[in-house]
There are 2 protein chains.
Amino acid sequence: MQQPARTTTRIQRKNTAVILEAALEVFSAHGFRGATVDQIAQAAGLSKPNLLYYFPSKEAIHTALLDGLMETWLDPLRALDEDGDPLAEILGYVRRKLEMSRDYPRESRLFANEIIQGAPRIGPALSGELKQLVDEKAEIIHRWIADGKIAPVNPHHLIFSIWALTQHYADFDVQVHAVLGGPEIDPYPEAGAYLDTLFTRMLTP
Amino acid sequence: MQQPARTTTRIQRKNTAVILEAALEVFSAHGFRGATVDQIAQAAGLSKPNLLYYFPSKEAIHTALLDGLMETWLDPLRALDEDGDPLAEILGYVRRKLEMSRDYPRESRLFANEIIQGAPRIGPALSGELKQLVDEKAEIIHRWIADGKIAPVNPHHLIFSIWALTQHYADFDVQVHAVLGGPEIDPYPEAGAYLDTLFTRMLTP
DNA sequence: GCTTATTTTGACCAACTGGTAAAACCCACG
DNA sequence: CGTGGGTTTTACCAGTTGGTCAAAATAAGC
């Protein structure tokens with residue numbers, strides 16, 4: 001039996017939030033193993049033992065981050081509506097995903113780090129929750145194709161390509177800026193236009 | 001003045017090769033910080049001090065790997081030929097890049113790890129060598145468009161999209177297999193067909 | 001077969017890292 | 001205003017990690 005969860009105090013709420021924000025910054029920039037508890041504590045403006053008063057371990061912070069993020073991350077795909085106009089729905093999904101890369105690049109890199117290294121901590125969520133959602137939406141796309149509303153493509157790979165293309169701008173940010181010639185350049189307007197064209201041409205029957 | 005480099009012995013050649021192979025395995029799976037010298041030594045079948053007899057530091061091994069790889073990695077893009085058939089040239093580039101993801105996933109992940117974490121060790125190569133090559137090839141694509149040989153698109157983002165789409169299958173391998181439903185599935189045949197369709201539809205004038 | 005240069009090893013170290021314990025501190029509440 | 005809970009700090013620890021060093025073992029050249 002567990003002690004009934006005591007009321008979370010004001011300070012607790014503030015500090016857990018500050019810690020998660022700091023952890024996102026550090027984990028996304030250095031990966032799980034590359035990040036140190038000290039770095040996170042310093043970024044949060046706390047001492048290491050104080051930070052460990054709020055989370056039992058480094059791993060727990062990481063898990064809390066990933067769990068909290070998974071929901072948000074899948075929202076754009078969930079919003080894909082079978083009853084909408086097929087092309088507009090897909091272009092809308094692409095736009096939302098690209099906006100997430102622009103507005104939440106750290107979150108994108110956090111996932112990227114985790115998955116590149118074999119998803120040791122969120123493997124189950126991928127083949128469970130994620131797979132189920134993707135299969136469901138792939139089925140919708142499949143029906144659109146069968147109805148002749150968009151040109152035929154492999155639905156799963158269509159989804160992969162949307163992920164790859166949009167997340168690239170967050171995850172490979174440094175490379176994009178290096179090639180385009182400087183950190184002051186904003187690639188997103190062009191990227192948006194490019195992806196719009198790409199998917200329109202590919203999917204118009 | 002430096003001692004004139006002594007002849008590299010047979011053992012030296014064999015062991016540096018073994019070490020680099022082992023290092024590729026370990027670095028690509030865990031990132032720079034996540035990899036330990038001991039792991040690499042063990043994978044190479046050497047003791048840690050013995051490994052450090054061939055390379056002065058962990059960092060030196062990593063650098064040697066990245067330097068050696070950069071060349072190979074850019075080869076497919078270098079092969080893009082202005083005088084060939086535009087669409088065939090681009091589709092060929094896509095195919096070669098996809099084959100590299102399939103045949104050299106560890107190399108792809110090594111780069112991905114490095115770039116996601118801000119390219120602390122190869123930043124200069126990105127804005128130097130890489131940028132120059134990309135600018136050059138973008139110019140070629142631009143001329144193809146001006147000549148009406150392919151449909152108009154932003155050449156730089158076209159190249160980004162080829163990178164993103166092909167490397168996705170190596171870097172996010174676990175996710176792809178999780179969603180498709182098992183490690184026994186080979187996504188590459190479908191991926192090849194999908195990308196062929198995608199770029200053909202987008203670029204046909 | 002002997003000598004020399006190369007290679008390998010075992011013992012070791014200092015810095016770092018995740019995490020702990022207990023005392024000190026602070027703040028709301030009666 | 002004091003007391004009991006929540007909070008923070010100081011001091012600390014054991015394990016890991018990158019790296020060194022001198023001695024031992026091996027290979028190469030003559």
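Scope of the values below: all heavy atoms of this structure, side chains included, with no hydrogens, waters or symmetry mates. All chains are named by letter (A, B, ...) in the order of the sequence lines, taking the proteins before the strands, and each is independently numbered beginning at 1.
A salt bridge does not link B:Glu82 to B:Lys137: none of the charged nitrogens lies less than 4.0 Å from a carboxylate oxygen.
One distance of note links CG of A:Leu158 with CZ of A:Phe199; it measures 6.0 Å at 0.5 Å rounding. To the nearest 0.5 Å, atoms CZ (A:Arg106) and CG (A:Leu65) are separated by 9.5 Å. Separation of atoms CD (A:Glu107) and OG (A:Ser101) is listed at 10.5 Å; rounding is to 0.5 Å. Separation of atoms CG (B:Leu91) and CG (B:Leu203) is listed at 7.5 Å; rounding is to 0.5 Å.
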>> At under 4.0 Å between heavy atoms, how does the protein contact nucleotides 11-25 of chain D? Give one character per nucleotide, 5' to 3', with B, S or -.
In response: B-----SBBBB----

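At least one side-chain heavy atom of B:Phe111 sits under 4.5 Å from a side-chain heavy atom of B:Met70. The shortest distance between side-chain heavy atoms of A:His156 and B:Val179 falls below 4.5 Å.
Distances shorter than 4.0 Å separate some side-chain N or O of B:Ser47 from OP1 or OP2 on C:dT9. Contact check, A:Asn15 against D:dT8: a side-chain N or O comes under 4.0 Å of OP1 or OP2.
No side-chain donor-acceptor contact under 3.5 Å links A:Asn154 and B:Tyr194. Side chains of B:His168 and B:Asp173: a donor-acceptor N/O pair is absent below 3.5 angstrom, by distance only.
Here A:His177 and A:Tyr169 keep their ring centres 6.0 angstrom or further from each other.
Under the 30°/60° scheme for interplanar angles, the aromatic rings of B:Phe32 and B:Phe27 are found to lie parallel.
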N/O to N/O distances under 3.5 Å, protein versus nucleotides 27-30 of chain D:
unit_1	atom_1	unit_2	atom_2	d
D:dA28	OP1	B:Arg10	NE	3.4
D:dA28	OP1	B:Arg10	NH2	2.3

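Distance CZ (A:Arg13) to P (D:dG6): 14 Å, rounded to an integer number of Å. Atom CD1 in A:Ile61 sits about 13 Å away from atom C1' in C:dT17, given to the nearest Å. Remark: P of D:dT7 and CG of A:Asn50 are 9 Å apart, rounded to the nearest angstrom. A straight line from CD of A:Gln12 to P of C:dA28 spans 14 Å, rounded to a whole angstrom. In this structure, NE2 of A:His30 is placed 16 Å from P of C:dC16, rounded to the nearest angstrom. In this structure, A:Gln42 places its CD atom 17 Å from C1' of D:dT8, rounding to the nearest Å. Rounding to whole angstrom units, OH of residue B:Tyr53 and P of C:dG10 are separated by 17 Å. Spacing between atom CD1 of B:Ile19 and atom P of C:dT7 amounts to 11 Å, rounded to whole angstrom units.
Note that the two end axes of the helix from C:dG1-D:dC30 to C:dG30-D:dC1 enclose an angle of 10°, each drawn from 5 base pairs, rounded to 10 degrees.
A:Phe55 comes within 4.0 angstrom of nothing in the nucleic acid, heavy atoms only.
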